[in-house]
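Below is one structure; the comments refer to it alone.
Both ligands and their constituent atoms are indexed starting at 1 by order of listing. None of the values given here were measured: they were computed from a predicted structure. Heads up: numbering here begins at 1 and tracks the sequence. Heavy atoms only: backbone and side chains are in, while hydrogens, waters and symmetry mates are out.
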Amino acid sequence: MQFLYALRSKGVTDTAVLTAMERVDRASYVKGIFSDRAYEDMPLPISCGQTISQPSIVGIMTQALKVTNRDKVLEIGTGSGYQAAILAQLARRVYTVDRYKRLVDEARDIFAAHDITNITAFTADGSHGYSEQAPFDKILVTAAAEDPPGTLLAQLRVGGIMVLPVGQSDTVQSLIRVTRTETGYDYEELRSVRFVPLLEGLGAD
Ligand code: SAH
């Protein structure tokens with residue numbers, strides 16, 4: 001309850017998103033000594049030198065994406081799998097990709113242990129998207145690019161939404177919502193955020 005209260009006070013007000021976040025236990029996605037801090041509103045370290053995002057930011061990004069139960073969603077940056085598990089509560093199907101095989105393997109194990117069957121997790125450089133399953137209704141990028149990657153914009157269906165942080169990796173970035181229209185793309189700036197960078201190629205682990 002404390003957890004939901006903290007989310008609401010930071011702007012996560014969508015009931016469906018709050019319900020999804022109540023159902024996904026963040027402690028399952030955080031390992032070892034950090035699991036004690038799973039219900040605090042802060043990013044925490046995970047394998048491969050990456051981080052699980054702050055819960056209020058996960059909530060704000062999920063809310064901004066306006067996910068419905070008909071949606072096919074692509075997430076770039078599986079990390080712990082926490083964000084994907086929340087998306088999977090709201091969407092029809094979630095594809096999630098990370099450049100570290102180890103993170104993908106660990107996330108897959110957690111999804112299987114929790115009987116989450118509508119997520120496909122795979123290892124690849126997500127900046128190329130996933131052309132086999134495009135177009136997507138929604139795309140969520142959880143690592144920062146300097147500009148919205150053109151390949152990902154092209155894999156959004158007309159009427160589709162992409163939410164992503166943009167900006168240099170070591171500075172404050174902007175969380176952007178892009179909506180594809182019949183004639184182009186509409187951009188909205190939502191707030192400032194700080195994410196690890198979207199890197200090219202596969203990770204070493
Ligand atoms: N959504 C995650 C947090 C992601 S942290 C969660 O819920 O825990 C950002 C992730 O993006 C890292 O795991 C990093 O490996 C991944 N990443 C960075 N660049 C990438 C790329 N080009 N393709 C796929 N994943 C990438």
Side-chain angles (χ1 to χ4, degrees), residues 7 12 17 20-21 23-32 34-35 37-65 67 73-91 94-111 114 116 119-131 136 138-152 155 162-170 173 175 193-205:
L7 291 175
V12 186
V17 173
M21 293 188 74
R23 289 202 189 127
V24 178
D25 185 5
R26 190 169 183 252
S28 305
Y29 295 85
V30 178
K31 282 195 299 206
F34 294 108
S35 56
R37 312 189 73 170
Y39 307 113
E40 293 176 28
D41 192 28
M42 53 161 62
L44 293 170
I46 56 171
S47 307
C48 307
Q50 303 304 310
T51 50
I52 178 171
S53 310
Q54 192 176 340
S56 58
I57 297 294
V58 170
I60 282 163
M61 289 174 86
T62 309
Q63 180 169 284
L65 208 57
V67 183
V73 182
L74 175 65
E75 181 198 25
I76 314 298
T78 311
S80 66
Y82 177 63
Q83 170 77 74
I86 292 165
L87 292 170
Q89 298 276 327
L90 299 162
V94 176
Y95 294 88
T96 182
V97 52
D98 205 286
R99 57 193 290 278
Y100 285 105
K101 182 178 182 296
R102 177 166 164 203
L103 290 174
V104 170
D105 288 345
E106 288 175 0
R108 273 193 194 135
D109 287 346
I110 305 171
F111 301 149
H114 289 80
I116 304 172
I119 303 179
T120 303
F122 60 101
T123 312
D125 177 349
S127 50
H128 304 304
Y130 190 35
S131 55
F136 293 93
K138 307 287 158 64
I139 300 177
L140 184 60
V141 188
T142 65
E146 290 194 17
D147 295 297
T151 317
L152 295 182
Q155 291 184 12
M162 173 155 83
V163 171
L164 77 165
V166 290
Q168 305 274 337
S169 64
D170 49 358
Q173 305 136 5
L175 187 65
V193 285
R194 196 181 270 265
F195 274 84
V196 298
L198 187 73
L199 297 173
E200 280 181 24
L202 294 187
D205 275 347

Could you tell me, for ligand 1, which of its N or O atoms are under 3.5 Å from any protein N or O, listing the pairs and their distances rounded to 0.1 Å?
residue	atom	partner	partner atom	Å
ligand 1	1 (N)	Glu75	OE2	3.0
ligand 1	1 (N)	Gly77	O	2.9
ligand 1	1 (N)	Thr142	OG1	3.2
ligand 1	7 (O)	Gln83	N	3.0
ligand 1	8 (O)	Ser80	N	3.0
ligand 1	8 (O)	Ser80	OG	2.6
ligand 1	13 (O)	Asp98	OD2	2.7
ligand 1	15 (O)	Asp98	OD1	2.7
ligand 1	19 (N)	Leu199	N	3.0
ligand 1	22 (N)	Asp125	OD1	2.9
ligand 1	22 (N)	Leu199	O	2.6
ligand 1	23 (N)	Gly126	N	2.7
ligand 1	25 (N)	Arg99	N	3.3

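Note on Asp105 versus Arg102: no salt bridge recorded, every NZ/NE/NH1/NH2 to OD/OE distance being 4.0 Å or above.
Under the side chain to side chain donor-acceptor pair (under 3.5 Å) test applied with Thr62, the options Gln83, Gln89, Lys138 reduce to a single match, Gln83.
Under the rule for a ring pair (Phe, Tyr, Trp, His ring centres under 6.0 Å), the partners of Tyr130 that lie at least two apart in sequence or sit in another chain are Tyr95, Phe122. Checked against salt bridge (charged side-chain N to carboxylate O under 4.0 Å, His left out), Arg37 has the following partners two or more places apart in sequence or in another chain: Glu40.
Among residues at least two apart or in separate chains, there is no salt bridge (Lys or Arg N to Asp or Glu O under 4.0 Å) pair with a member in residues 43-63.
With hydrogens and angles disregarded, no donor-acceptor distance shorter than 3.5 Å links the side chain of Thr51 to the backbone of Leu44.
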